[in-house]
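Below is one structure, written out as structure tokens; comments come after it.
Everything numeric here is computed off the predicted structure, so don't read it as measured data. When reading the values below, keep in mind they use all heavy atoms of this one structure, side chains included, and skip hydrogens, waters and symmetry mates. Letters A, B, ... mirror the listed sequences (proteins, then strands); counts begin at 1.
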Amino acid sequence: MLINHDLLNSYGGEIITFKTNDYIFQEQQIPKYYYQIISGHIKLNHLSEDGKELIQGIHSAGESVCELLLFIDEKYPVNAVAMSECAVMKVFKSDFIRMLEDHRHVSEDVHKYISYRLFEKFIMMQNLAAHSAETRIKGILQYFKNYTNDKSLYSYEIKLTRQQLASLSGLRVETVIRRLKKLEKEKFIKIENGKVYY
DNA sequence: ACATTAAGTGGTG
DNA sequence: CACCACTTAATGT
């Protein structure tokens, strides 16, 4: 995990729980807390004017969400939504900042974490900006498999719905479904009972 | 049995 | 591809 729970506790950290589809925070709100996921999954999304959802990222246990907003004076650019039942540790902004000042190594960990997230954004941007649907989908699949150690063929089960893959890639559901079937024929992925293995 | 959600198909622009 | 309409399968209450 990014930051030790005991340390967060000693700086006023408290645990709050969310049910599926609950908001941890919403777009345009002013960031006041540091959030670190204890269990469950949280997605960062944005709804376009016509109602289409763009998923900016999906985070799980041990990771923090939008901590970078605590270092600048801006409102949240995205919503944080619980994708399952979630337990989250939250720490007041001022206490969080004080903790970083008191613990240099923790501060470095946070720097690295933010840097890695930014690095990911570069990769994702390049994938989404000027590529075919097939390349976009492959990019998303690779992005999630990168978090696992097993790199062998079909070792990773994509635990996302076709719709979620669409919201991540900026494509429509139908396109995702059709492309996945094509990728299966090409032996790039395997599909069993609707589940995608990559 | 009825409602809901996700996967999948056809066809048009 | 996006968009629209619709069918099918699986779950849930």
#### Entry: Quiz item: A:E134 side-chain donor-acceptor pair to C:dC1 base, under 3.5 Å
no

### Message
So that I can tick it off, tell me whether A:D109 and A:K112 are bridged by a salt bridge, with the cut-off set at under 4.0 angstrom between side-chain N and carboxylate O.
### Response
no

Between [atom2] of [N] and [atom1] of [X], the distance in whole Å:
{"X": "A:L160", "N": "B:dT5", "atom1": "CG", "atom2": "P", "value": "18 Å"}
{"X": "A:N193", "N": "B:dA7", "atom1": "CG", "atom2": "C1'", "value": "12 Å"}
{"X": "A:Q163", "N": "B:dT5", "atom1": "CD", "atom2": "C1'", "value": "11 Å"}
{"X": "A:I177", "N": "C:dT8", "atom1": "CD1", "atom2": "C1'", "value": "12 Å"}
{"X": "A:E192", "N": "C:dA9", "atom1": "CD", "atom2": "P", "value": "19 Å"}
{"X": "A:R179", "N": "B:dG8", "atom1": "CZ", "atom2": "P", "value": "15 Å"}
{"X": "A:I137", "N": "C:dC1", "atom1": "CD1", "atom2": "C1'", "value": "11 Å"}
{"X": "A:E174", "N": "B:dG13", "atom1": "CD", "atom2": "C1'", "value": "14 Å"}

### Task
Scan A:K195 against the nucleic acid and name what it touches under 4.0 Å (heavy atoms): base, sugar-phosphate only, or nothing.
nothing

### Task
Determine the contact category for A:Q164: base if any of its heavy atoms lies under 4.0 Å from a base atom, sugar-phosphate if only primed atoms, P, OP1 or OP2 are that close, otherwise nothing.
nothing

Within the structure, does a side-chain N or O atom of [X] lie under 4.0 Å from either OP1 or OP2 of [N]?
{"X": "A:T175", "N": "C:dA2", "value": "yes"}
{"X": "A:R162", "N": "B:dG8", "value": "yes"}
{"X": "A:R172", "N": "C:dC1", "value": "no"}
{"X": "A:K181", "N": "B:dT9", "value": "yes"}

#### Entry: Face-on cation placement of A:K145 at A:Y156 ring, 6.0 Å and 45° thresholds
no

### Query
Between A:F25 and A:Y35, is the ring centre distance below 6.0 Å?
yes

### Task
Decide ring pair (Phe, Tyr, Trp, His ring centres under 6.0 Å) for A:Y198 and A:F188; before the verdict, give the C-alpha distance in whole Å, the side-chain angles of both, and the deciding distance to 0.1 Å.
CA-CA 7 Å; A:Y198 170 54; A:F188 187 81; 5.2 Å; yes

### Task
State, to 0.1 Å, how close A:L69 and A:P31 come at their nearest heavy-atom pair, and which atoms those are.
CB-CG, 3.6 Å

